[in-house]
2 protein chains.
Amino acid sequence: MAINHQNIRQQETQVNHPVPPTPVRRPFPAELLTALKSAFGERVSTSDAVRAHHGRDESPFDPQLPDAVVFARNTEDVQTVVALCGQYDVPIIPYGNGSSLEGHLLAVQGGVSIDLSEMNRVLSINAEDLTVTVEPGISRKQLNEALRDTGLFFPIDPGADASIGGMSATRASGTNAVRYGTMRENVLGLTVVLADGRVIHTGTRARKSSAGYDLTRLFVGSEGTLGVITEITLRLYPQPEAVSAAVCAFPSMGDAVRAVIETIQIGVPIARVEFVDSLAIRSINRHSNLTLREAPTLFFEFHGTEAGVKEQAELVQEIAAQNSGEDFEWATRPEDRSRLWNARHSAYFAMLQLKPGSRAVSTDVCVPISRLAECVVETEADLKGSPLPCPIVGHVGDGNFHVCILIDPNKPEEMEEAERLNHRIVQRALRMDGTCTGEHGVGLHKMNFLLEEHGPVAVDVMRSIKHSLDPRNLMNPGKIFTWAA
Amino acid sequence: MAINHQNIRQQETQVNHPVPPTPVRRPFPAELLTALKSAFGERVSTSDAVRAHHGRDESPFDPQLPDAVVFARNTEDVQTVVALCGQYDVPIIPYGNGSSLEGHLLAVQGGVSIDLSEMNRVLSINAEDLTVTVEPGISRKQLNEALRDTGLFFPIDPGADASIGGMSATRASGTNAVRYGTMRENVLGLTVVLADGRVIHTGTRARKSSAGYDLTRLFVGSEGTLGVITEITLRLYPQPEAVSAAVCAFPSMGDAVRAVIETIQIGVPIARVEFVDSLAIRSINRHSNLTLREAPTLFFEFHGTEAGVKEQAELVQEIAAQNSGEDFEWATRPEDRSRLWNARHSAYFAMLQLKPGSRAVSTDVCVPISRLAECVVETEADLKGSPLPCPIVGHVGDGNFHVCILIDPNKPEEMEEAERLNHRIVQRALRMDGTCTGEHGVGLHKMNFLLEEHGPVAVDVMRSIKHSLDPRNLMNPGKIFTWAA
């Protein structure tokens with residue numbers, strides 16, 4: 001425990017950010033496979049295709065295949081897998097929709113991937129309480145489809161059609177968080193299968209509680225390292241009476257970001273405010289067949305009553321104009337709004353097409369809003385010196401932005417350059433009181449950044465909790481922090 | 001670990017809720033006192049008066065005096081106390097303003113009370129980011145006084161002028177939570193002295209983060225059992241452009257509560273909506289020299305733009321009328337609003353005066369909003385059979401209400417009757433998917449209720465975390481759950 005914080009920080013700023021540690025796979029005994037097959041029959045697979053599908057995600061890392069995949073149908077199935085794997089000391093990796101950007105799903109120590117996609121039921125909708133209980137495999141779009149006739153919706157929207165289980169496990173957020181919060185604020189309770197096979201129910205459907213340690217918030221963001229989430233109770237919101245959207249181009253990133261800062265500081269309850277830089281706009285135009293001006297651009301959305309939306313929108317239009325915003329353009333018809341936001345949502349894939357065959361190293365820093373303009377402008381200047389295409393998009397109302405560094409996965413020097421840029425962006429954000437990850441999680445990629453951000457003692461507290469709840473390191477091992485200090 | 005959940009539940013519903021377990025005081029070695037005196041001089045006290053002041057709170061329990069009180073001035077002081085107490089296996093109890101209702105401050109195993117009231121500085125206000133960092137001893141009123149010229153405010157308001165440290169430790173909320181959330185949503189980061197004397201900083205000033213386990217939320221609500229909070233970063237809000245308030249009487253509790261339910265369900269962003277029953281109104285009228293009609297009453301407050309407040313208020317007035325609300329009365333002038341809310345805030349002390357010399361057993365259940373009318377109406381009927389005065393007030397927008405059971409502390413049969421009522425109220429709330437404590441915390445009083453609410457396995461997870469971070473049970477022992485399963 002006699003770690004010298006200063007020394008650690010020193011070391012890390014000297015060392016270039018490492019690629020994930022070389023995996024040490026654990027043995028996968030034939031007896032375990034036999035036991036799994038006897039319990040699950042056809043729902044266990046060891047085929048190369050299925051394992052390959054479950055050993056990768058949207059991160060730039062090379063796949064690491066699990067030894068087997070089990071398709072679970074209920075909490076008891078998950079308990080069975082956990083109990084059997086426990087008997088043989090074999091890791092367990094929960095799998096939702098595979099949209100992680102940080103290598104969460106890679107079986108770096110081998111083990112069994114529990115595919116939860118068949119656990120995608122809505123268990124109960126309590127419209128009067130504005131709550132819903134779902135299984136973890138349901139995707140956010142499936143959930144909102146199921147809610148359509150209730151007049152309610154679930155606002156958290158990370159872009160990808162992620163599973164609610166994965167979103168809970170990574171504390172996801174996205175475009176609507178500026179108004180509705182993140183998964184942290186919107187998960188009310190969980191059912192979790194622990195490493196020892198026991199099941200707990202955390203939280204309640206009441207809006208608040210002071211009953212003991214906040215286990216719900218402990219599991220939200222724990223990235224599968226403390227247990228497998230098998231049920232989730234979420235907060236819902238009434239569909240707004242009125243919605244309007246707009247786009248506005250700015251002469252520079254700094255101008256756009258300053259408009260956002262003022263909007264937040266005066267307390268406009270804006271529902272979405274997204275930044276997209278010129279290069280990202282170009283990719284979106286191509287991909288979604290739009291003709292947006294290739295300039296730093298903000299996408300806005302307003303929710304409220306008719307009068308409220310009008311009031312918010314007028315205020316924001318005024319702020320945009322004061323910050324040199326040009327061509328403030330409304331999208332009031334639902335089809336225009338959908339077109340706009342579909343384009344924004346496909347930005348990730350659109351950007352990948354800027355460099356065919358590329359993968360993206362996506363940075364994810366989030367800074368206090370007062371430092372956002374400075375952070376973005378410094379970052380922009382820094383990126384100009386790089387040979388790699390680096391479009392920027394961001395949930396700027398929260399101070400969160402992503403540089404999407406496009407690399408050829410076959411060129412190690414490009415990966416190295418991406419790591420160099422990423423490292424500098426994180427250093428900048430930490431210097432500005434920010435965080436290395438606003439919404440993607442730590443996964444494989446940011447373990448050293450986590451150490452820099454919180455210091456070795458706080459990470460040691462996380463490790464103590466992990467050791468106490470999963471003493472044999474069975475649950476998604478090798479993620480967030482190293483097992484030994 | 002082979003605990004049978006069903007059996008446990010069975011047992012607990014049979015057993016009447018116990019009074020707190022008989023304390024077993026630990027030895028307080030003279031060497032420790034010498035060491036504390038040498039480190040802190042005059043800032044250590046063992047006087048009866050000081051110990052008596054620190055060995056009680058607003059709960060109905062008999063005082064349990066600490067062996068000594070240390071007045072800390074900074075994080076290093078707290079570290080010193082923790083290190084010295086650690087050497088001698090002596091408990092540490094953090095003390096803010098003494099307004100706990102659940103016995104959190106009672107030194108049930110003896111030990112040292114760390115008085116944090118001198119740590120009441122505002123360390124930094126970041127108006128542009130809507131954040132402030134404070135020491136734990138500052139009270140919410142002191143904080144808002146310090147913020148007055150910034151145009152910002154901290155909304156969480158549990159009634160009492162509690163310390164921000166105490167509010168964090170109990171996950172407090174109160175009248176504004178329906179709009180602004182609880183301490184859970186509004187603490188962004190903490191500095192904490194751990195049981196082993198190490199210091200951690202949790203969270204960042206960024207609005208969101210996915211960087212590792214949510215230690216901030218783990219310490220918020222941990223009631224001093226995992227460490228001593230020495231700095232707190234909070235979220236602030238712009239003072240609303242317009243505020244208006246109103247009161248409205250209803251023919252019955254059910255009518256009043258149904259008006260609230262409709263208001264929440266259609267998504268009115270109401271800032272406060274408080275229920276006060278006839279008996280509580282009588283006490284408030286006497287105490288604050290008002291002439292409110294002695295009927296079930298709602299107090300409303302609206303925050304927003306001029307137009308927004310008008311729109312909200314009209315909507316709510318209409319909903320109140322549809323639910324038989326009478327005499328909807330506006331308090332638009334600031335002095336009228338203050339008078340109204342001061343009266344509401346003094347309700348606790350006003351109610352105590354209904355029975356001179358009494359203490360209050362305050363229940364604190366919180367249920368999903370759809371069950372609130374049913375829960376309140378059943379409770380009202382149940383209380384009618386009791387000889388004790390039982391006024392009811394509630395933060396009904398959150399589904400949270402308090403029955404303030406007034407007992408003569410010298411009459412054990414009254415304590416027993418209060419426990420009987422409390423037990424039935426909690427059972428009712430749990431049956432309705434609610435929680436035994438919306439905002440007061442578990443403390444000494446609700447350990448068995450916690451077990452009923454979350455089940456032995458979840459409480460065991462809490463206990464494992466406690467064991468891993470405080471293996472010698474030094475931090476506020478005897479609260480939330482028992483040390484051994």
Side-chain angles (χ1 to χ4, degrees), chain A residues 126 128-129 170-171 173 177 182 185 198 200-202 204-215 217-218 220-222 238 265-267 305 307-308 311 366-370 398-400 433-442 450 453-455 457-458 461-462 464-465 467-469 480, chain B residues 126 128-129 170-171 173 177 182 185 198 200-202 204-215 217-218 220-222 238 265-267 305 307-308 311 366-370 398-400 433-442 450 453-455 457-458 461-462 464-465 467-469 480:
Chain A
N126 291 81
E128 290 194 304
D129 294 318
T170 54
R171 204 182 297 127
S173 45
T182 71
E185 287 80 19
R198 294 184 299 173
I200 62 170
H201 306 284
T202 74
T204 71
R205 290 202 311 108
R207 284 166 63 113
K208 63 183 198 183
S209 170
S210 288
Y213 298 170
D214 192 345
L215 298 183
R217 251 52 57 182
L218 180 63
V220 169
S222 64
Q265 284 174 350
I266 66 166
T305 60
E311 194 177 40
C366 183
V367 295
I369 198 94
S370 69
D398 293 315
N400 183 210
D433 275 2
T435 176
C436 65
T437 172
E439 56 181 19
H440 295 167
V442 175
L450 182 74
E453 181 172 327
H454 289 298
V457 181
V461 168
M462 297 181 199
S464 297
I465 294 168
H467 287 196
S468 72
L469 300 185
I480 309 186
Chain B
N126 291 81
E128 290 193 304
D129 294 319
T170 54
R171 203 181 298 126
S173 45
T182 72
E185 287 81 19
R198 294 184 300 173
I200 62 170
H201 305 285
T202 74
T204 71
R205 291 203 309 107
R207 284 165 62 114
K208 64 183 197 181
S209 170
S210 288
Y213 297 171
D214 192 344
L215 298 182
R217 251 53 56 182
L218 180 64
V220 169
S222 64
Q265 284 173 349
I266 65 166
T305 61
E311 193 176 43
C366 184
V367 295
I369 198 92
S370 70
D398 294 315
N400 183 210
D433 275 3
T435 175
C436 64
T437 173
E439 56 182 18
H440 296 167
V442 176
L450 182 74
E453 181 172 329
H454 289 298
V457 181
V461 168
M462 298 181 198
S464 297
I465 294 169
H467 287 196
S468 72
L469 300 184
I480 308 186

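Naming: A, B, ... by sequence-line order, numbering from 1 per chain.
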| Side chain / backbone / both / neither for B:I369 at chain A, heavy atoms under 4.5 Å | both
| query | How many angstroms lie between OG in B:S173 and CZ in A:R207, if you round to the nearest 0.5 Å? | reply | 10.5 Å
| Do A:H454 and B:I200 have side chains that get closer than 4.5 Å, going by heavy atoms? | no
| message | Is B:P368 close to chain A through its backbone or its side chain, or both, or neither, when contacts mean heavy atoms under 4.5 Å? | response | both
| remark: Between B:A206 and A:T435 the two heavy atoms that sit nearest each other are CB-CG2, 4.2 Å
| request: Of all the heavy-atom pairs spanning A:Y213 and B:R171, show the shortest one and how long it is. | output: C-NH2, 3.8 Å
| message | List the residues meeting salt bridge (charged side-chain N to carboxylate O under 4.0 Å, His left out) with B:D129, not counting sequence neighbours, and say none if there are none. | response | B:R205
| said: For the interface with chain A, which of B:G438, B:A307, B:S468 has the highest count of heavy-atom pairs at distances below 4.5 Å? | reply: B:G438
| request: Select, from B:G399, B:S222, B:A177, the one with the greatest count of heavy-atom pairs under 4.5 Å involving chain A. | output: B:S222
| field | Greatest number of heavy atom pairs closer than 4.5 Å to chain A - which of B:I480, B:T305, B:D398 | value | B:D398
| What's the spacing between A:N400 CG and B:S209 OG if we round to 0.5 Å? | 9.5 Å
| said: Is B:D433 in contact with chain A via its backbone, its side chain, both, or neither, using a 4.5 Å heavy-atom distance? | reply: both
| message | Looking at A:D214 and B:R217, is any side-chain nitrogen of the basic one under 4.0 Å from a carboxylate oxygen of the acidic one? | response | no
| Part of B:V461 lying under 4.5 Å from any heavy atom of chain A | both
| request: Test side chain to side chain donor-acceptor pair (under 3.5 Å) on A:T182 and B:K208 and set out the steps. | output: CA-CA 8 Å; A:T182 71; B:K208 64 183 197 181; over 6 Å; no
| field | Distance-minimising heavy-atom pair for A:G212 and B:M462 | value | CA-SD, 4.0 Å
| Among A:T437, A:V220, A:V442, which one satisfies side chain to side chain contact (heavy atoms under 4.5 Å, CB included) with B:S210? | A:T437
| If you tally heavy-atom pairs under 4.5 Å against chain A, which of B:H201, B:E185, B:H467, B:E311 wins? | B:E311
| Residue selection (most heavy-atom pairs with chain A, distance under 4.5 Å) from B:A458, B:G221, B:G267, B:C436 | B:A458
